[in-house]
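For ligands, and for the atoms within them, numbers begin at 1 and follow the listed sequence.
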Amino acid sequence: MADTGSRLKELECRACCTSSDAFRVASVCPTCGHALFANYRLEDLDGRDWLRKVTERPATLWRYRELLPVGSDEFVTSLGEGFTPLLPLGDVPGAEGVAVSLKDDGTMPTGSFKARGMAVAVSRAKELGLRDLFVPSAGNAGVALAAYAARASLRARVYLPERTPEPMKQSVRLYGAEVVEVQGTIREAGEKARADEKRRGSFDLSTLREPYRVEGKKTMGFEVFEQSGSHDLPDAIVYPTGGGTGLVGMAKAFAELRALGLMERPPRLYAVQPDGCAPVVRALDEGAPQVTPWGEPRTIAPGLLVPSPFSSERILEAVRSTRGGGVTVTDAAIVSAMRDLAMRHGLSVSPEGAAPYAALPKLVDRKLVSPGERVLLYNTGTGLPFSWEALARSVG
Ligand SMILES: Cc1ncc(COP(=O)(O)O)c(C=O)c1O
Ligand SMILES: [Zn+2]
């Protein structure tokens with residue numbers, strides 16, 4: 001089987017600045033326990049030439065393979081993920097004069113952007129000889145892991161909060177993965193998963209606790225860049241934030257594009273969180289060096305119910321490195337944004353994916369976004385597993 005041309009070089013811990021071997025199984029930094037990130041040999045890669053080659057390849061995220069970690073085509077496990085639509089939305093109430101577009105990852109295999117991270121992480125796990133994987137998840141990551149593990153013939157177990165939407169639990173089981181239900185949020189699911197799995201020798205695919213999901217999520221940034229064209233890049237990207245990997249991934253994509261001489265100034269990244277669970281936005285507002293856990297987290301958006309994200313320094317750094325910021329929205333505004341996106345634009349989006357639309361008037365109000373600017377709202381998942389009417393009742 002052919003070489004992918006991956007330029008993977010090493011893993012690096014940005015907390016203690018040590019590097020480690022990228023060609024063996026790795027989880028967190030062996031020295032300090034923080035997240036590890038993949039570095040690539042970019043010095044001798046001609047950016048323009050690379051981009052030309054990329055645009056001639058099939059429309060999946062594997063077109064960026066030189067900057068992805070999988071070394072051999074044999075291990076690429078694909079369901080055709082990536083290159084999702086970027087749709088203009090026209091005039092949006094509360095954001096008159098702003099050119100608003102929406103990137104729709106609701107059309108991804110398994111219904112969410114989580115397929116990006118899992119396609120890459122499962123492929124790389126298989127390449128490194130792993131056979132047995134697990135993940136704590138709010139739903140979408142578990143569904144994605146189950147699907148890609150099935151396609152790669154690997155075993156998977158998914159730890160889900162009890163209150164995860166039933167269609168997601170059923171999907172995980174349908175793909176042949178095991179579901180373990182846990183009381184509480186993804187934090188409790190993670191604690192139980194790590195305790196239970198310790199004896200098994202299985203591999204933890206929790207977000208940022210292994211180095212390659214973020215590489216898959218990085219392709220969100222590459223696609224935004226490629227689909228907008230370097231002259232029409234959005235000024236700002238508004239992103240629904242839970243574990244924060246999407247923000248970290250996009251900031252990493254922009255840093256790599258900059259290193260290749262393809263991007264001068266990255267879009268500003270704005271984290272959107274529900275006002276019942278907004279630890280990242282709070283830390284951004286306070287100028288804090290890290291996120292402190294959110295007490296009594298509550299929201300209707302399961303993927304945003306992350307009271308204490310791992311390696312939060314990296315999330316804050318991602319936002320700050322682009323001169324972006326954070327904003328909260330109410331659950332009621334999320335529900336109303338779901339309705340608006342469906343009725344005005346024909347888009348059925350998840351509560352998480354509706355949060356950026358809900359945040360838009362507030363961003364304009366606070367002058368974080370101005371008329372004349374281009375703003376991209378990131379829809380991270382499909383609305384199909386959700387009952388809008390039930391959500392509307394729950395927020396009154
Ligand atoms: C649909 C959806 N949007 C957003 C998120 C949060 O993503 P991130 O970890 O990149 O902050 C999740 C996580 O579960 C999700 O399922
Ligand atoms: Zn370290």
Study note, to complete from the structure: The single option from E215, E223, E81 that satisfies side-chain hydrogen bond (donor to acceptor under 3.5 Å, both in side chains) with R116 is E223
Is there a nitrogen or oxygen of [X] sitting under 3.5 Å from a nitrogen or oxygen of ligand 1?
X    : result
G242 : yes
E352 : no
G243 : yes

Revision key, fill the gap. Here the vertex angle at the Zn ion (ligand 2) for SG of C13 and SG of C32, given to 10°, is 100°
Check your understanding: Taking the Zn ion (ligand 2) as the vertex, what is the angle from SG of C29 to SG of C16, given to 10 degrees?
Key -> 110°
Side chains of [Y] and [X]: any donor to acceptor distance under 3.5 Å?
X    : Y    : value
R194 : S206 : yes
R14  : S311 : no
T330 : D275 : no
D104 : T84  : no
T328 : K362 : yes

Study note, to complete from the structure: Per-atom filter on ligand 1: closer than 4.0 angstrom to a heavy atom of G246 are 10 (O)
In terms of residue, atom name and distance, what is the protein heavy atom nearest to [atom]?
atom                    : result
atom 15 (C) of ligand 1 : F113 CE2, 3.7 Å
atom 12 (C) of ligand 1 : K114 CE, 3.5 Å
atom 16 (O) of ligand 1 : N140 ND2, 2.8 Å
atom 2 (C) of ligand 1  : T380 OG1, 3.4 Å

Give a yes/no verdict on whether any heavy atom in [X] is under 4.0 Å from an atom of ligand 1.
X    : value
T241 : yes
G244 : yes
A141 : no

Point to revise | Short N-O contact, E226 and K103, less than 4.0 angstrom | key: no
**Study point:** Residues R124 and E210 bridged, charged N to O under 4.0 Å
**Key:** no
Check your understanding: How close do P161 and I186 get, heavy atom to heavy atom, and via which atoms?
Key -> CG-N, 3.9 Å
Revision key, fill the gap. Checking heavy atoms under 4.0 Å, the part of T245 that sits near ligand 1 is both
